[in-house]
There are 2 protein chains.
Amino acid sequence: MVTLSNEHESDTRQRLIEAAAGMFVEQGFNAAKVRDIVAHAGANIAAVNYHFGSKEGLYAAVIQYHSAQAIEVLSQQAGDDGGRTPAARLHDYVRTFLKRLLTQTPQFTMSKLVAREMVEPTAAFGLIIEKFVWPQYHALQAIVRTIAGEKLSEELVRRCCLSIVGQCLYYQFARQVVACLDPEFGYGPADVERLAEHVVAFSLGGIRQSVRTHAGEAQKSHSGHVNDR
Amino acid sequence: MVTLSNEHESDTRQRLIEAAAGMFVEQGFNAAKVRDIVAHAGANIAAVNYHFGSKEGLYAAVIQYHSAQAIEVLSQQAGDDGGRTPAARLHDYVRTFLKRLLTQTPQFTMSKLVAREMVEPTAAFGLIIEKFVWPQYHALQAIVRTIAGEKLSEELVRRCCLSIVGQCLYYQFARQVVACLDPEFGYGPADVERLAEHVVAFSLGGIRQSVRTHAGEAQKSHSGHVNDR
DNA sequence: AATTGTTTGATACATACGTTTTAAACGTCC
DNA sequence: GGACGTTTAAAACGTATGTATCAAACAATT
């Protein structure tokens, strides 16, 4: 830390973080091997221990590095809630969410790491939830609530939010399955755009139907099966 | 194979399969350790190699064992397509799907193994897709198509199906996240039943909205953003 | 009861992987 | 320009884990 003047500032450290991020995103924390990471980074295996102490330390550094820009992006987008329609805001939300999640570029690494943590939690799980999942979830909750028009219970709003993110995340979690079931589906910008259109339309219909069903349920006690027969 | 008369028929083998199934479901193929499995089965570590040749062989045996009853169940339910409403059939589908997926009992192990294969494929992936995912997917496709009333393109039917199963699978993939976002949610029969109600209502609304949007899109070229403003 | 094929138990082996060590190279400051 | 702290390189270490070995125990047939 004494060397604060020169510009290289440990180039290896940076390359390690970038290489590790790619491996962690593609393979997950456990499947990614330290030797593979350093090979991709063109560094020696001791570098990870020197710079980060351990594999977990490297993972923490990856998260911290990508957290910075990700949080910055989140706070930026929080501003433009202007005079948009609730449906338009949902469309923005889903499109942004899907683009970050499914886009193949090394950009928006954080979104993919968050998705990884969801299905294969590590020590960073709590932090991820607090810093990314909760804020994103609250933003979606607010949008859904405005669409539902205060008529949905807290619980049903939650369910709708989970239905929306579940639709999106499935394309990331189960890429291999999607590739089998829908071989024509690609992950380019245009494909993601069209997918967003579908998810938004589907979810808007879903939210409105939930509102209707909920109203019906409220009167007819809890007999269920509103639209089933 | 010469000893075909007595009833024990390798009790250890069976205990290994059951113990392994539990571990594979809970931890996945790679995270489940052979020594833990044999410990839970009360067997020796050599037994797995004798009976199954390898860890992969054990996994294959687990799949084969649970495939039998699972396929039997699938063929049974295929019969009762009777005079039900499309919506009722969707409700049956979703409820059955969720119950098998989320129920904590060792029953319906196959559904949980299939879910595991989706996010963490193994050598058995192809077989799983062919034997379970495709048939289930086609059944859902047929239901969605009858609900949509032949007005949806092949592609949009696919998207709707993926939206439906995505909603369901999210509760299994991301249990830890659901536990954080919705601490009150449980995985008991009543909770799953209510979740099914929501998913069905949401999806029915989603399908219908997709139909409407699709009709609108067909006329207004492909400018998108039908309900956004 | 003896023999033979089958199953189990304890241990050993081989490899993969995270981590640590030790020496050399590099850059900075006096 | 030399000394000292910093960074890298190569190899080694320890453990975890899947797999193989080999003798003992068991069951069945004659």
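Please read these numbers as outputs of a predicted model, since none were measured by experiment.
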Q) Can you check the B:His51 NE2 to D:dT19 P distance for me, whole Å? A) 16 Å
Q: Specify the separation, in whole Å, of atom CZ of A:Arg13 and atom P of D:dT6.
A: 15 Å
Q.
Please tell me if A:Thr12 has a side-chain N or O lying less than 4.0 Å from either OP1 or OP2 of D:dT7.
A. no
Q. How long is the line joining OH of A:Tyr50 and P of C:dA25, in whole Å?
A. 18 Å
(Q) For B:His40, give me all partners under ring pair (Phe, Tyr, Trp, His ring centres under 6.0 Å), at least two apart in sequence or on another chain. (A) none
Q.
Under a 4.0 Å threshold between the charged nitrogen and the carboxylate oxygen, would A:Asp92 count as salt-bridged to A:Arg89?
A. no
What side-chain donor-acceptor pairs closer than 3.5 Å can you find for residues 22-33 of chain B, not counting sequence neighbours?
{"unit_1": "B:Asn30", "atom_1": "ND2", "unit_2": "B:Glu120", "atom_2": "OE2", "d": "3.0"}
{"unit_1": "B:Lys33", "atom_1": "NZ", "unit_2": "B:Asn30", "atom_2": "O", "d": "3.2"}

Q) Taking atom P of C:dT7 as reference, at what distance in whole Å does atom CD of B:Gln14 sit? A) 15 Å
Q. Is A:Lys99 paired with A:Glu193 through a side-chain N to carboxylate O contact shorter than 4.0 Å?
A. yes
Q: Would you mind reading off the distance between B:Asn44 atom CG and D:dC26 atom C1', rounded to a whole angstrom?
A: 15 Å
Q. Hey, is the side chain of B:Asn49 poking within less than 4.0 Å of OP1 or OP2 on D:dT19, counting only N and O atoms?
A. no
Q.
Check this for me, if you would: do A:Arg145 and A:Glu154 make a salt bridge, where the nitrogen-to-carboxylate-oxygen distance has to be below 4.0 angstrom?
A. yes
Any N/O pairs under 3.5 Å between the protein and nucleotides 13-18 of chain C? List them or say none.
{"unit_1": "C:dG18", "atom_1": "OP1", "unit_2": "A:Lys55", "atom_2": "NZ", "d": "2.9"}
{"unit_1": "C:dG18", "atom_1": "OP2", "unit_2": "A:Val34", "atom_2": "N", "d": "3.0"}
{"unit_1": "C:dG18", "atom_1": "N7", "unit_2": "A:Arg35", "atom_2": "NH1", "d": "2.7"}
{"unit_1": "C:dG18", "atom_1": "O6", "unit_2": "A:Arg35", "atom_2": "NH2", "d": "2.8"}

(Q) Against the six-membered ring of A:Tyr65, is A:Arg13 placed for a cation-pi contact (under 6.0 Å from the centre, within 45° of the normal)? (A) no
